[in-house]
Amino acid sequence: MFQRILVANRGEIALRIIRACRELGIDSVAVFSEADRGSHYLELANEAYCIGPAAATDSYLLINRLISVAEIGNVQAVHPGYGFLAENAHFAKVCRDCKIEFIGPPHQAMAQLGDKISARQIAMSANVPCVPGSDGLVDNVDEAVRIANEIGYPVLIKATAGGGGKGMRVAGNDVSLKAGLKAASAEAEKAFNNAGVYLEKYVERPRHVEVQILADTHGNVVHLWERDCSMQRRHQKLIEESPAPNLPEEVRQNICNSAVRLVKGAGYTNAGTVEFIVDKDFNFYFIEVNARIQVEHPVTEMVTGIDLIKQQILIAAGEKLPFTQAEIPCNGSAIELRVNAEDPENDFRGSPGTITKLRQPGGLGVRFDSHVHEGYTISPYYDSMIGKLIVHRPTREEAIACMKRCLREFTVEGIKTTLPLAKKMFNNAEFVKGTVDTTFVERTW
Ligand code: ADP
Ligand code: ADP
Ligand code: MG
């Protein structure tokens, strides 16, 4: 087993990993940028090293500095969290070349699944349904027009290296397709250093359903049921829950088994998520794999009782999964709310600043995963998510009541947050019915 682990991330996920290490009796080595200097969560690690200025490109994304800290800190493994270098296959390879275990999949599997086009090919060969689309990259406008007319409008232009909802454009006709291709490609080049785009049929009003996977290095692959993440704005998730409401049991089993098949065919290990969209007739289509731990992993932890970060560490250390598929329960209903430092009244503009007052909710079935506290200053340099409020109750109805109760208790002052929007969402009749699709937020508010 590892004695020391480098936590190559910041904020709430760094804290989450530090906590798991502590419970496993493993020392954690944290890193921070100058903007995060003095953050309280760093004191909970065994050691912490400054790796550069605030901009992520000068700190959290610098592989050479992270490897230096790994050497100085004498760690045996690196946990990348999510975002930053978590899905960077080169980083995974460099770590292992330096004899430091990367807590994630093999770099080859990560590279293959991280690219959306090659992931589609793997899905197809595993007999997993994909959204109708182009066979590969579209690099020529005339060809794109021909394919789009074949698939039928509307189509979605997607970046093959995409993530975080960036580089996506809907096109309803030839004219908007031509304009959209240029814009999406430029955005992808800027965000991912890869201009490659492809086409998918735009599925109207789908739900987003994803499956949590764990795979050990002994050939065992299990799913930990599904999460519904349909409450989104700009293709970014706001609320996630498990199990997915109103999903017929047969469809649910099919989706979960498809995810396991796909991962088995890819030589994948560690934790991962297979994402699908589901249309109104419950046809489901693979969209992508997230080859890392996800923001919304706590809802799965609540319903299964399995600590996913600990499992990631144990798998990376070569241990066998301690349970079989049949031994993984799905108890009750868990819902997560992402709390962002953003102004929902002003197009979700980021709202950095100091939290002057914080009263967080508590009580039975309530979990708040966050690195912030009263007096904490949110810097403008990073993701605006400041925490995740998770509730777990025996039924979905009770979970929603619990969340509404928590939102009454929750006070954050000094910055704008998405909490006012959260109140509207949890009081919304469609949400309560469990019939929200991914376009709901934008159509409704
Ligand atoms: P999740 O489903 O886990 O929420 P997201 O797509 O929202 O996944 O990504 C989680 C975090 O990782 C966000 O902070 C997002 O900005 C970041 N992220 C995701 N993909 C990439 C990428 N390819 N490059 C850089 N950042 C990414
Ligand atoms: P990212 O890597 O940015 O997370 P995804 O491929 O996972 O990109 O898509 C993000 C979201 O965009 C999905 O949850 C869904 O809401 C929407 N989406 C993706 N593909 C389609 C599609 N073919 N039709 C309709 N909506 C889609
Ligand atoms: Mg996605």
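All figures in this text were calculated on a predicted structure; none of them were measured in a lab.
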Answer yes or no: is there an ion pair linking [X] with [Y], defined by an N-O contact shorter than 4.0 Å?
| X | Y | result |
| --- | --- | --- |
| Glu342 | Arg233 | yes |
| Lys201 | Glu150 | no |
| Glu241 | Arg227 | no |
| Asp216 | Lys320 | no |
| Glu296 | Arg338 | yes |
| Glu47 | Arg4 | yes |
| Lys116 | Glu275 | no |

Got a sec: does the [atom1] of [X] have more than 12 other heavy atoms crowding it under 6.0 Å?
| X | atom1 | answer |
| --- | --- | --- |
| His40 | NE2 | no |
| Asn149 | CG | yes |
| Lys388 | NZ | yes |
| Lys93 | NZ | no |
| Glu442 | CD | yes |

Flag side-chain contact, heavy atom, 4.5 Å: [X] against [Y]:
| X | Y | answer |
| --- | --- | --- |
| Met1 | Ile26 | yes |
| Asp174 | Tyr153 | yes |
| Glu210 | Cys229 | yes |
| Val222 | Ile213 | no |
| Val209 | Leu247 | yes |
| Leu156 | Met168 | yes |
| Arg65 | Tyr49 | no |
| Met425 | Trp445 | yes |

Task: From Asp437, Asp279, Asp228, residue fulfilling side-chain hydrogen bond (donor to acceptor under 3.5 Å, both in side chains) relative to Arg207 - done: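 Output: one option passes, namely Asp228.
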Kindly give the heavy-atom pair with the smallest separation between [X] and [Y], and that separation in Å.
| X | Y | value |
| --- | --- | --- |
| Asn290 | Tyr268 | O-OH, 4.1 Å |
| Tyr381 | Ala35 | CD1-CB, 4.3 Å |
| Ala70 | Ile100 | CB-CD1, 3.6 Å |
| Val75 | Leu6 | CG1-N, 3.7 Å |
| Arg252 | Cys330 | NH2-SG, 3.4 Å |
| Gly272 | Gln212 | O-NE2, 3.2 Å |

- [ ] Could you walk me through whether Tyr60 and Phe32 pass the ring-ring contact (aromatic ring centres under 6.0 Å, His included) test, one step at a time?
- [x] CA-CA 8 Å; Tyr60 296 107; Phe32 59 94; 8.8 Å; no
Which distance, rounded to the nearest 0.5 Å, do you find between the [atom1] of [X] and the [atom2] of [Y]?
| X | Y | atom1 | atom2 | answer |
| --- | --- | --- | --- | --- |
| Ser59 | Phe84 | OG | CZ | 7.0 Å |
| Asp347 | Glu345 | CG | CD | 11.5 Å |
| Leu24 | Ile313 | CG | CD1 | 5.5 Å |
| Leu66 | Cys95 | CG | SG | 8.0 Å |
| Phe102 | Asp97 | CZ | CG | 13.0 Å |

Open item on the list: List the residues meeting side-chain hydrogen bond (donor to acceptor under 3.5 Å, both in side chains) with His223, not counting sequence neighbours, and say none if there are none.
Closed with: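 If we apply the side-chain hydrogen bond (donor to acceptor under 3.5 Å, both in side chains) test to His223, skipping adjacent residues, the hits are Gln325.
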Task: Arg234 to Phe348 six-membered ring, cation-pi geometry met (6.0 Å, 45°) - done: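 No, Arg234 and Phe348 do not form such a contact.
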Task: Tyr198 vs Glu200, side chain to side chain donor-acceptor pair (under 3.5 Å): CA-CA, chis, key distance, verdict - done: CA-CA 7 Å; Tyr198 67 106; Glu200 267 181 15; 3.3 Å; yes
TODO: May I have the step-by-step check of side chain to side chain contact (heavy atoms under 4.5 Å, CB included) for Leu238 and Leu337, ending in yes or no?
DONE: CA-CA 6 Å; Leu238 296 168; Leu337 170 72; 5.7 Å; no
Task: All side-chain contact (heavy atoms from CB on, under 4.5 Å) counterparts of Pro206, not counting sequence neighbours - done: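 Per chain and number, Pro206 pairs via side-chain contact (heavy atoms from CB on, under 4.5 Å) with Val203, Ile277, Thr438.
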Task: Verdict with reasoning, Asp27 to Gln3, per side chain to side chain contact (heavy atoms under 4.5 Å, CB included) - done: CA-CA 6 Å; Asp27 284 357; Gln3 279 92 52; over 6 Å; no
- [ ] Just do the salt bridge (charged side-chain N to carboxylate O under 4.0 Å, His left out) check on Glu12 and Arg19 with the steps written out, would you?
- [x] CA-CA 11 Å; Glu12 76 86 18; Arg19 284 173 168 161; over 6 Å; no
- [ ] State which residues pass salt bridge (Lys or Arg N to Asp or Glu O under 4.0 Å) with Arg261; sequence neighbours excluded, sorted by chain then number.
- [x]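 By the salt bridge (Lys or Arg N to Asp or Glu O under 4.0 Å) rule, Arg261 matches no residue at all.
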Open item on the list: Pair Asp307, Arg16 - check salt bridge (charged side-chain N to carboxylate O under 4.0 Å, His left out), show working.
Closed with: CA-CA 11 Å; Asp307 182 325; Arg16 173 73 188 84; 2.9 Å; yes
Open item on the list: Can you tell me which residue among Arg169, Lys182, Lys158, Lys166 is in a salt bridge (charged side-chain N to carboxylate O under 4.0 Å, His left out) with Glu187?
Closed with: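 The salt bridge (charged side-chain N to carboxylate O under 4.0 Å, His left out) with Glu187 is passed solely by Arg169 among Arg169, Lys182, Lys158, Lys166.
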TODO: Please assess Phe426 against Phe431 for the test ring-ring contact (aromatic ring centres under 6.0 Å, His included), listing each intermediate value before the final yes or no.
DONE: CA-CA 7 Å; Phe426 283 98; Phe431 176 76; 5.1 Å; yes
Task: Aromatic ring proximity, centroids under 6.0 angstrom, His371 and Tyr376 - done: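 Yes; His371 has its ring centre under 6.0 Å from that of Tyr376.
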Task: Side-chain donor or acceptor of Ser118 paired with backbone N/O of Gln112 under 3.5 Å - done: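 Checked: pair present.
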TODO: Could you tell me whether the side chain of Asn257 and the main chain of Gln253 form a donor-acceptor pair under 3.5 Å?
DONE: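 Yes; at least one donor-acceptor contact below 3.5 Å.
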Task: Criterion salt bridge (charged side-chain N to carboxylate O under 4.0 Å, His left out) on Arg120 and Glu288, from CA distance to verdict - done: CA-CA 8 Å; Arg120 272 168 68 86; Glu288 69 156 344; over 6 Å; no
Open item on the list: Test side chain to side chain contact (heavy atoms under 4.5 Å, CB included) on Ile287 and Phe276; report intermediate values, then the result.
Closed with: CA-CA 5 Å; Ile287 52 171; Phe276 298 88; 5.7 Å; no
Open item on the list: Evaluate Val211 against Thr273 for side chain to side chain contact (heavy atoms under 4.5 Å, CB included), listing each step before the verdict.
Closed with: CA-CA 6 Å; Val211 180; Thr273 297; over 6 Å; no
